[in-house]
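Single-structure report; data block below.
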Amino acid sequence: MTAPPELDAATRPILAFDIGGTKIAAALIVDGAIEERRQVATPISGRPEDWLAAMVDLASDWQGRFEAIGAAVTGIVQDGQWRALNPTILPVPAGYPLAERLQATFDRPVRLVNDAQAAAWAEFDVRSGIRSLLFVTVSTGIGGGLVTDGKLVEGTNGAAGSMGHVLVKPVGGRRCGCGAIGCIETEASGTALKARAAETFGDGIEAPELFERAKTDAKAAVLIDDALNLLGQALLSARRLCDPDLIVIGGGIGLRADVLAELTSICGRLAPDFPVPIEAARQGADAGLVGAALLAAGR
Ligand code: BMX
Ligand code: ZN
């Protein structure tokens, strides 16, 4: 009998996770394609053990069907350790050994990466003819990832591309959970829009409802306009710094057609010198999962 051929690294089935401020998603992924997918709301206890338990539960039907684990996480990853840049997005204890815990739990090799960096890698992989890309997610928080000369840039501290903490209102802005004043994340993320809506209309208005209101309510429209203008400026600063072939926008808010159109128009207006295309993430909300799987498969 001949032994089965060794699986090519790219075609190894991978168990992928995406741990965000709002949801934890899990998927079985082969060669960048999602075969099965599940998700739950991120437990709000703030205890990593509860997030880990949710991950075990999500993957319970897939025992023995994966060769490695890729996890895209909100926050910063350095040497397999995980921490928050902004603990109000997810209160990750500093230096949490997530890679070691996942390895001990699932008995498979683990690759950890920031969620937006993972998404940047997936969006780069799915396209041909480009060498660089800036990915920006506008979601619970605002994250970013950079691919330069065909390589994912993780940074000395795992924090490369941390778009959410580009300063847009250092004077008169809000204090961000990262400690600085006036980060774009405190002005234009889903969390920020909810907070700004609460200041004007009272509690309980989530970002999607604020966008709906803005169609008929001038005060809501001003809030949205201000947030998108600041976001456009942050995007332009990042674009100036990196000069990528392409900018890709993802996240629940970033994937809205009206948001993408507005950002394109702001960048075009403020920097007409050379156009950089801005596109929606082709892998939509799954870019982080796919990117983590590709990296875990060594691609
Ligand atoms: C925050 C930061 C980033 C993350 C971004 C988007 C934390 C916990 N997260 O800026 O690392 O990429 O939010 O995160 O500090 P998401 O949860 O909104 O996808
Ligand atoms: Zn910040």
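Here the structure is a predicted model, which means the values were calculated and not measured. Counting convention: from 1, in listed order, for ligands and their atoms alike.
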**Request:** Report yes or no: do Q103 and R101 form a side-chain donor-acceptor pair below 3.5 Å?
**Result:** no
**Prompt:** Is the shortest side-chain N to carboxylate O distance from K194 to D203 below 4.0 Å?
**Reply:** no
**Message:** With a 4.0 Å cut-off on heavy atoms, is V92 in contact with ligand 1?
**Reply:** no
**Prompt:** Can you tell me if H165 has a non-hydrogen atom under 4.0 Å from ligand 1?
**Reply:** yes
**Message:** Rounded at 0.5 Å granularity, tell me how far CZ in F135 sits from CD in Q117.
**Reply:** 11.5 Å
**Request:** Check the hydrophobic clustering (I, L, V, M, F, W, Y; side-chain heavy atoms under 4.5 Å; chains of links allowed) and say if L85 and V168 are grouped together.
**Result:** no
**Prompt:** Are the charged groups of E262 and R256 less than 4.0 angstrom apart, N to O?
**Reply:** no
**Asked** Would you call the rings of W82 and Y96 parallel, tilted or perpendicular if under 30° counts as parallel and over 60° as perpendicular?
**Response** perpendicular
**Prompt:** What do you reckon, is CZ of R83 surrounded by more than 12 foreign heavy atoms closer than 6.0 Å?
**Reply:** no
**Prompt:** To the nearest 10 degrees, how large is the angle at the Zn ion (ligand 2) between C178 SG and C176 SG?
**Reply:** 110°
**Asked** So, is T74 polar-close to ligand 1, with some N/O to N/O distance under 3.5 Å?
**Response** yes
**Request:** Just jot down the ligand 1 atoms closer than 4.0 angstrom to any heavy atom of L85, in number order.
**Result:** 7 (C), 15 (O)
**Within-cut-off N or O pair, G143 and ligand 1, under 3.5 Å** = no
**Item:** atom 11 (O) of ligand 1 - nearest protein heavy atom and its distance
**Value:** G75 N, 2.8 Å
**Item:** ligand 1 atoms in contact with E185 (distance to a heavy atom under 4.0 Å)
**Value:** 1 (C), 10 (O), 13 (O)
**Asked** Which N, O or S atom name in H165 marks its closest approach to the Zn ion (ligand 2)?
**Response** ND1
**Message:** As a quick check of understanding, evaluate side chain to side chain contact (heavy atoms under 4.5 Å, CB included) for R299 and D31, giving each step before the final call.
**Reply:** CA-CA 9 Å; R299 189 153 118 192; D31 199 13; 2.6 Å; yes
**Prompt:** What atoms of ligand 1 come closer than 4.0 angstrom to any heavy atom of G21?
**Reply:** 17 (O)
**Asked** Taking the minimum heavy-atom distance to atom 12 (O) of ligand 1, which of N86, D115, T88 ranks first?
**Response** D115
**Asked** Please state which protein non-hydrogen atom is closest to atom 18 (O) of ligand 1 and give its distance, to 0.1 Å?
**Response** G141 N, 2.7 Å
**Prompt:** For ligand 1, is S139 a contact, meaning one of its heavy atoms is under 4.0 Å away?
**Reply:** yes
**Request:** Look at E154 together with R111 and state whether they make a salt bridge at an N to O cut-off of under 4.0 Å.
**Result:** yes
**Item:** For T140, the ligand 1 atoms whose distance to one of its heavy atoms is below 4.0 Å
**Value:** 18 (O)
**Message:** For the residue pair R239 and F274, would you count it as a cation-pi contact if the rule is NZ or CZ under 6.0 angstrom from the ring centre and within 45 degrees of the ring axis?
**Reply:** yes
**Prompt:** Of the choices I89, I142, I19, T137, which has the non-hydrogen atom that lies closest to atom 5 (C) of ligand 1?
**Reply:** I142
**Asked** Can you list the atoms of ligand 1 that are under 4.0 Å from a heavy atom of G20?
**Response** 17 (O)
**Prompt:** If you count the atoms of ligand 1 from 1 in the order shown, which ones are under 4.0 Å from a heavy atom of A84?
**Reply:** 8 (C), 15 (O)
**Asked** Would you call D149 and K151 a salt bridge, using N to O less than 4.0 angstrom?
**Response** no
